[in-house]
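Following: one structure in C-alpha cells, then a few remarks.
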Amino acid sequence: MKALKVHVNAFSQSPEPVRINKVLKKTHSRRQADQLIADGRLSVNNEPVHSAGQRVIPFQDVIRLDGCIVEGWEELNHLGSEESIKPQVFEYIKYWKPIGVTCTTDRRIDDNIIDSLYYDGCNPKSRIFPVGRLDKDTSGLILMTNDGRLPNASLRGKYKHTKTYMVKADRPVSHEDIQKLQNGVVITTLAQRDGNRSKPLTSPTLPCDVRMVQSQYAQSHNLESRVLEITLIEGRNRQIRRMMEALGYRVLGLHRKEFMGITLEGLDGEGSWNYLEKSEMDIVASVLQRAEREEEEEI
C-alpha cells in the first residue's frame, strides 16, 4: 500500500489543469466526449460535469464515466506519471454552512458555497469542493477539500459514515412515531449517482438512531418534544424532511452537528470555518486508509 498523503495547513504546487475533453482524448472523439457530458455521464469528484470547458487537475481530481473511475488518462495524454510530479498536499476545512447557501461549486449560482466561504474570509490555496451536500435550508457542518478521494471514502456504498442532525418539528413528535422513524419509513427521493440523471427511488429508509431532546422537566414527566436528534448512515435527497413528512410532520429547522466523528467544535456560529485540527485529521486519515485497504482486498 502506498503511503497516504494527508496534510493540513501546508501546500505544494499542483499540476496544471486541463480541459475535461482531454481526459477522453485517447478513447473518444471530441464529439463523443461532448455527448457524454451532455448526457450527464461524466462526473468530477462526484459532481456532474456541466461544460466541456471544465478543467480538471491530473492526479488529483477523480473523474468517473457511468460511475466507474477513469484511470490512467494522464499517462495516455503524456502528462507524466503520478510519481513524476510533486506530492499533492491536500486541504481539509470544516465550515458552519449558513441557511440559504447552496452546496455547489458552480459560481454562476447565487449564494454558492465557494463564494460564501470567500465572503466569510476563507481563501484556500487550491480549488476545493464540498464533501456531500446540505440542503439550502439546512445549516451546520460541511467539510470542504481538494482531495477527490474523500467523498467516495466517506459517503458511498459500504464506506458511508454517520451524520447527526438536530430536527425541529412543527408539533411534538409522539413516542410511537419516533419508533417508526427508528425502524424506517417509506419515502420517495431522487437518486443521482455519479453524474447520471436523477431517478425516483421509493423504498424504506434504513434503521437509524432517533433521540428526543427534552428539557429536564419534560423528561421527568415523559412529555413529548418537537426537537429530535437523528443520526443517519444514509444520505438520500432531503431524507429527514421526507421522513418527517411521511408521518405528517413539517420540519421547521434542520441542522447538522456531526459527520463521521467531526463536529462543529471550535467554530463560533454560522459562516465560521477552520482547518481541521490534528485529531480531526486523524479521523480523515483513518477513513481514507480504510477505503484504500478494502479496495485493495477486492482486487
Side-chain angles (χ1 to χ4, degrees), residues 2-23 42-51 53-64 69-71 73-74 77 79-97 101-109 112-134 141-155 195 259-260 262 267 271-278 280-285 287-289 291-292:
K2 295 180 181 178
L4 194 65
K5 299 186 280 288
V6 179
H7 303 272
V8 65
N9 290 334
F11 313 99
S12 67
Q13 184 176 359
S14 298
E16 287 295 318
V18 298
R19 287 171 61 94
I20 188 69
N21 305 69
K22 200 163 188 176
V23 174
L42 272 179
S43 68
V44 177
N45 302 321
N46 292 320
E47 290 212 358
V49 175
H50 298 294
S51 167
Q54 181 171 333
R55 292 184 176 272
V56 295
I57 301 177
F59 307 108
Q60 176 179 326
D61 288 331
V62 177
I63 297 95
R64 287 183 171 82
I69 295 177
V70 180
E71 296 180 331
W73 64 269
E74 296 94 344
N77 285 281
L79 298 177
S81 64
E82 190 168 7
E83 288 73 21
S84 68
I85 64 172
K86 294 181 180 180
Q88 175 63 36
V89 181
F90 299 114
E91 295 181 84
Y92 304 90
I93 296 166
K94 64 178 182 179
Y95 181 45
W96 190 321
K97 187 189 89 66
V101 171
T102 301
C103 284
T104 179
T105 58
D106 188 346
R107 301 182 74 172
R108 297 170 297 180
I109 296 177
N112 66 81
I113 196 167
I114 301 301
D115 286 345
S116 296
L117 265 169
Y118 276 108
Y119 178 81
D120 289 324
C122 180
N123 187 21
K125 301 297 182 182
S126 55
R127 187 180 63 190
I128 61 174
F129 49 85
V131 179
R133 292 178 176 83
L134 290 178
L141 177 66
I142 187 82
L143 298 184
M144 307 291 296
T145 186
N146 61 336
D147 187 348
R149 302 168 299 175
L150 188 56
N152 186 62
S154 61
L155 296 171
F259 171 51
M260 69 178 193
I262 296 173
L267 301 185
S272 58
W273 61 273
N274 206 347
Y275 286 98
L276 297 190
E277 297 180 351
K278 182 183 182 305
E280 297 165 328
M281 288 302 302
D282 289 342
I283 293 174
V284 170
V287 167
L288 293 173
Q289 287 168 346
E292 183 176 334

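We count residues from 1, following the sequence as given. All values below come from the heavy atoms of this structure, side chains included, with hydrogens, waters and symmetry mates left out.
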Subject >> Stepwise side chain to side chain contact (heavy atoms under 4.5 Å, CB included) check, Ile20 with Ile63 >> reply: CA-CA 9 Å; Ile20 188 69; Ile63 297 95; 4.3 Å; yes
Min side-chain heavy-atom separation [X]-[Y] under 4.5 Å:
{"X": "Phe90", "Y": "Leu150", "result": "no"}
{"X": "Pro130", "Y": "Tyr95", "result": "no"}
{"X": "Asn146", "Y": "Pro124", "result": "no"}
{"X": "Asn112", "Y": "Asp106", "result": "no"}
{"X": "Leu143", "Y": "Leu276", "result": "yes"}

Look up atom [atom1] in [X] and atom [atom2] in [Y], then write down how far apart they are to the nearest 0.5 Å.
{"X": "Leu141", "Y": "Met260", "atom1": "CG", "atom2": "CE", "value": "9.0 Å"}
{"X": "Ile128", "Y": "Ile114", "atom1": "CD1", "atom2": "CD1", "value": "5.0 Å"}
{"X": "Gln54", "Y": "Leu42", "atom1": "CD", "atom2": "CG", "value": "9.5 Å"}
{"X": "Arg149", "Y": "Ile69", "atom1": "CZ", "atom2": "CD1", "value": "11.5 Å"}

Original post:
Would Arg64 and Asn152 count as having a side-chain donor-acceptor pair, cut-off 3.5 Å?
Top reply: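 Note: Arg64 and Asn152 side chains meet the donor-acceptor criterion.
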Original post:
Listed by chain and number, what are the salt bridge (Lys or Arg N to Asp or Glu O under 4.0 Å) partners of Arg19, not counting sequence neighbours?
Top reply: none
**OP:** Just jot down the side-chain hydrogen bond (donor to acceptor under 3.5 Å, both in side chains) partners of Thr105, sequence neighbours excluded, or say none.
**Re:**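 For Thr105, the residues satisfying side-chain hydrogen bond (donor to acceptor under 3.5 Å, both in side chains) (neighbours in sequence not counted) are Glu47.
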Original post:
Of the non-hydrogen atoms in Pro151 and Val131, which two are nearest, and what is the gap between them?
Top reply: CA-CG1, 4.0 Å
Subject >> Nearest heavy atoms of Asp61 and Arg55, plus distance in Å >> reply: OD2-O, 4.5 Å
Original post:
Where do Val44 and Phe129 land on the side chain to side chain contact (heavy atoms under 4.5 Å, CB included) test, with the steps shown first?
Top reply: CA-CA 10 Å; Val44 177; Phe129 49 85; over 6 Å; no
**OP:** For Ile93 and Asn274, run side chain to side chain contact (heavy atoms under 4.5 Å, CB included): C-alpha distance rounded to whole Å, both residues' side-chain angles, the deciding distance at 0.1 Å, then the answer.
**Re:** CA-CA 6 Å; Ile93 296 166; Asn274 206 347; over 6 Å; no
